[in-house]
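Contents: one structure, followed by commentary.
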Amino acid sequence: MQDHVTPRRVVILGGGFAGLFAARALRHSPVAVTVVDRRAHHLFQPLLYQCASGILSEGQIAQPLRAVLRRHHNVSCVLAEATDVDVKARMVHARRPEGGVLRLPYDDLIVAVGLRQSYFGHDEFAAHAPGMKTLDDALDIRRRIYRAFEMAETAADDRERQQWLTFALVGGGPTGVELAGQIREIAGHTLDREFQKIDSARSRVLLFEGSDAVLGAFGPRLAHRAARTLQSLGVELHLGTMVTDIDAHGLTVQDHDGTTTRFEARTVLWTAGVDAPPIAAALARATGATQDRAGRIAVAPDLTIPGHPEIRVTGDVMSLNRLPGLAEVAMQSGAYAGRAVRHAVEGRTKQPNPFKYWDLGSAAYISRGRAVVKVGPLHLSGTIGWLAWLFVHLAFLTGFRSRLGAVLSWSVAFATSSRRERAFTMSDVDAPAGPAFRQKTPPPPP
């Protein structure tokens, strides 16, 4: 009779690209994998802006983790948020959504928690300028965009109407550029002739960027083409500006000369800056690892934390060779970490080769038929760039149903300018606090 052998325990923190690809690499290994995430779905973040702008639905960019990993019989999913790591006991401490505490033992730990939105020390901006990192963020932005046009239709005067028809975006990276282009398309095409009192095409879209170019990481050539495309759509570029204040009615910015300017806009969206979640700092304290300015954890070439070969850090939260925070980096590093664990379980004694990132390029969608793509020395823009963008995103969408749904939605949107996912809900915080909106307390019974 054989003794029962406990399989090697692998805990993966995060169900994003890095965590998912790590779990997939361990599918046929004799290990027990636990994927821990504070949300129960895997999100295709590069298309969040299309959910926010009404082209794609939530189900087309997010799939339940359990469904994605259902054929991985050695994987279990846990809905919780990792809060601390006891490296001596090799134990992850996690908090369930209702407040309960979990303790998850591990033999190998793969950290793939990603990054969150950063407001550069001004967290008070978040109440008036949501970021776009989660599905909740995308739905909130969708609500704010389409609500703005509805509110403009019933505005009391021209000043209030123009405030509602002015959209300000902070950050000129891919997310900011993509959102700016989408809002201009919504205003100029999707909502054309749907309102009686306003002309949606006269909406203003303002894009603020601290550097001297949008999409600076794409290089001067593509950055110039992107700026020219945005301006042709009607997006107003404000380069070399820093936001100093945001409130419910607009924002204040400062340029390189120190001049401050106030812009009135009822819809402000934040697409600039990221930092690491609290678990990264907790892990760094526990292991003595160093962190960069954004809180990313410095790792060795094999993605382990120095002195802790059982802990590997992957994706956006790792700091290695100045690698960018791209989905492809997360996929490759997650797969590498999973294979490293698999090889160790199989008893391979050869030291693994250092992680090497294969740059498959970067892409940003601006408007129908126009995108910019950079693949090594190859720079694409316009229609050719858009076709390349289409192919790349279809290739990496999770699940056949998601791909099919995206193709159908894109076909409708690109052919007719209509958007099928425009529904939004209103929350209590949207209602003014005036007497007309206060719930009246019924008089006491006689």
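What's counted below: heavy atoms across the whole structure, side chains too, no hydrogens, waters or symmetry copies.
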Checklist entry - For the side chain of Asp37 and the backbone of Gly15, is there at least one donor-acceptor N/O pair under 3.5 Å apart? => result yes
Checklist entry - Does Arg24 make a cation-pi contact with Phe21, if we ask for NZ or CZ under 6.0 Å from the ring centre and within 45° of the axis? => result yes
Checklist entry - Given side chains that start at C-beta, do those of Ile311 and Thr287 come closer than 4.5 Å, heavy atoms only? => result yes
Checklist entry - Do you know which two heavy atoms are closest between Asp84 and Ala282, and how far apart they sit? => result OD1-CB, 3.7 Å
Next on the checklist: As a quick check of understanding, evaluate side chain to side chain donor-acceptor pair (under 3.5 Å) for Glu328 and Gln332, giving each step before the final call.
Outcome noted: CA-CA 6 Å; Glu328 188 57 41; Gln332 293 183 30; 2.9 Å; yes
Next on the checklist: Under the criterion side-chain contact (heavy atoms from CB on, under 4.5 Å), I'd like the reasoning laid out for Met151 against Arg266: C-alpha separation, chi angles, the key distance, then a yes or no.
Outcome noted: CA-CA 10 Å; Met151 297 300 290; Arg266 293 292 186 103; over 6 Å; no
Item to check | Criterion salt bridge (Lys or Arg N to Asp or Glu O under 4.0 Å) on Asp140 and Arg144, from CA distance to verdict | outcome: CA-CA 6 Å; Asp140 183 22; Arg144 290 173 184 252; 3.2 Å; yes
Next on the checklist: Does atom CD1 (Ile384) have a neighbourhood of more than 12 heavy atoms from anything else shown, all under 6.0 Å?
Outcome noted: no
Item to check | Residues forming a salt bridge (Lys or Arg N to Asp or Glu O under 4.0 Å) with Glu124, sequence neighbours excluded | outcome: none
Item to check | Straight-line distance of Ile183 CD1 to Tyr146 OH, nearest 0.5 Å | outcome: 9.5 Å
Next on the checklist: Measuring centre to centre across the rings, with the benzene-like ring taken for any Trp, is Phe208 within less than 6.0 Å of Phe263?
Outcome noted: yes
Checklist entry - Okay, side chain of Thr83, backbone of His93: is any donor-acceptor separation there less than 3.5 Å? => result yes
Next on the checklist: Is any side-chain heavy atom of Ser409 closer than 4.5 Å to one of Arg420?
Outcome noted: yes
Checklist entry - In Å and rounded to the nearest 0.5 Å, what is the NE2 to CG distance from His238 to Leu206? => result 4.5 Å
Next on the checklist: How close do Leu215 and Ala226 get, counting heavy atoms only, and between which atoms?
Outcome noted: CD1-CB, 3.6 Å
Checklist entry - If you measure from CG on Leu139 to CD on Glu58, what distance do you get to the nearest 0.5 Å? => result 4.5 Å
Checklist entry - Is a side-chain donor or acceptor of His41 paired with a backbone partner of Leu65 at a separation under 3.5 angstrom? => result no
Checklist entry - Does the ring centre of Phe167 sit less than 6.0 Å away from the ring centre of Phe149? => result yes
Checklist entry - Under 3.5 Å, is there a donor-acceptor pair between the side chain of Asp255 and the main chain of Thr259? => result yes
Checklist entry - Under 6.0 Å between the ring centres of Phe218 and His379? => result no
Checklist entry - Between Lys133 and Asp137, does a salt bridge (Lys or Arg N to Asp or Glu O under 4.0 Å) hold up when you go through it step by step? => result CA-CA 6 Å; Lys133 285 293 181 181; Asp137 292 337; over 6 Å; no
Item to check | Main-chain N/O of Arg95 paired to Arg38 side chain as donor or acceptor, under 3.5 Å | outcome: no
Next on the checklist: side-chain contact (heavy atoms from CB on, under 4.5 Å), that's the test. Do Val92 and Leu13 meet it? Break it down for me.
Outcome noted: CA-CA 9 Å; Val92 171; Leu13 304 184; 4.0 Å; yes
Checklist entry - Within the distance-only criterion (no hydrogens, no angle test), does the side chain of Arg8 pair as donor or acceptor with the backbone N or O of Pro30 below 3.5 angstrom? => result no
Next on the checklist: Surrounding CZ of Phe391 (heavy atoms of other residues, nucleotides or ligands, distance under 6.0 Å), is the total greater than 12?
Outcome noted: no
Next on the checklist: Please determine whether ring pair (Phe, Tyr, Trp, His ring centres under 6.0 Å) holds for the pair His122 and Tyr119, giving the CA-CA distance in whole Å, both sets of side-chain angles, and the decisive distance to 0.1 Å.
Outcome noted: CA-CA 5 Å; His122 291 278; Tyr119 290 86; 9.4 Å; no
Item to check | side chain to side chain donor-acceptor pair (under 3.5 Å): pairs with one or both residues in residues 268-278, sequence neighbours excluded | outcome: Arg116-Asp275
Item to check | From CA spacing to verdict: side-chain contact (heavy atoms from CB on, under 4.5 Å), Leu230, Glu236 | outcome: CA-CA 8 Å; Leu230 288 169; Glu236 302 174 29; over 6 Å; no
Next on the checklist: Taking the side chain as everything from C-beta on, heavy atoms only, tell me whether Ser381 gets closer than 4.5 Å to Leu222.
Outcome noted: yes
Checklist entry - Heavy atoms, side chains only, cut-off 4.5 Å: are Val78 and Val35 in contact? => result no
Next on the checklist: I'd like to know if the side chain of Asp247 reaches the main chain of Gly250, judged simply by a donor and an acceptor atom lying under 3.5 Å from each other, with no hydrogens or angles considered.
Outcome noted: yes
Item to check | Euclidean distance, Tyr365 OH relative to Leu47 CG, rounded to 0.5 Å | outcome: 10.5 Å
Checklist entry - Should the pair Glu185-Arg419 be classified as a salt bridge under the 4.0 Å nitrogen-to-oxygen rule? => result yes
Item to check | Any residue meeting ring pair (Phe, Tyr, Trp, His ring centres under 6.0 Å) with Tyr49, in chain and number order, not counting sequence neighbours | outcome: none
Checklist entry - Under a 4.5 Å cut-off applied to non-hydrogen side-chain atoms, are Tyr106 and Val10 in contact? => result no
Checklist entry - Do Leu48 and Ile61 touch side chain to side chain, with heavy atoms closer than 4.5 Å? => result yes
Checklist entry - Distance from Gln63 atom CD to Leu20 atom CG, nearest 0.5 Å? => result 11.0 Å
Next on the checklist: Let's go through Phe120 and Phe125 carefully: what are the C-alpha distance in whole Å and the side-chain angles of both, what is the deciding distance for ring pair (Phe, Tyr, Trp, His ring centres under 6.0 Å) to 0.1 Å, and is it a yes or a no?
Outcome noted: CA-CA 10 Å; Phe120 306 113; Phe125 290 173; 9.6 Å; no
Item to check | Heavy-atom donor-acceptor pair, Gln60 side chain to Ser57 backbone, under 3.5 Å | outcome: yes
Checklist outcome for this item: In terms of heavy-atom contacts, Gly295 and Ala280 come closest through O-CB, 3.9 Å
Next on the checklist: Within a 6.0 Å radius of atom CZ on Arg71, are there more than 12 heavy atoms belonging to other residues, nucleotides or ligands?
Outcome noted: no
Next on the checklist: Between Phe44 and Phe17, is the ring pair (Phe, Tyr, Trp, His ring centres under 6.0 Å) condition met? List the steps.
Outcome noted: CA-CA 8 Å; Phe44 193 86; Phe17 287 117; 5.5 Å; yes
Checklist outcome for this item: Between Ala23 and Ile12, the two heavy atoms sitting closest are N-CD1, 3.7 Å
Next on the checklist: Could you check whether atom CE of Met242 has more than 12 heavy atoms from other residues, nucleotides or ligands sitting under 6.0 Å from it?
Outcome noted: no
Checklist outcome for this item: Rounded to the nearest 0.5 Å, the CH2 atom of Trp164 sits from the CD atom of Glu264 at a distance of 12.5 Å
Next on the checklist: Less than 4.5 Å apart, side chain to side chain, heavy atoms only: is that true for Ser333 and Leu303?
Outcome noted: yes
Next on the checklist: Please check this pair: side chain of Glu346 against backbone of Arg348, looking for a donor-acceptor N/O pair closer than 3.5 Å.
Outcome noted: no
Checklist entry - Between the main-chain N or O of Thr304 and the side-chain N or O of Asp302, is there a donor-acceptor pair closer than 3.5 Å? => result yes
Item to check | Side chain to side chain, Arg312 and Ile305, heavy atoms closer than 4.5 Å | outcome: no
Checklist entry - So Asp108 and Arg9, salt bridge (Lys or Arg N to Asp or Glu O under 4.0 Å) or not? Walk me through it. => result CA-CA 6 Å; Asp108 293 277; Arg9 300 162 301 183; over 6 Å; no
Item to check | Closest approach of Thr314 to Ala337 (non-hydrogen atoms, all atoms of both residues) | outcome: CG2-CB, 3.6 Å
Checklist entry - Between Thr241 and Leu239, is a side-chain contact (heavy atoms from CB on, under 4.5 Å) present by the stated rule, with each step listed? => result CA-CA 5 Å; Thr241 56; Leu239 305 178; over 6 Å; no
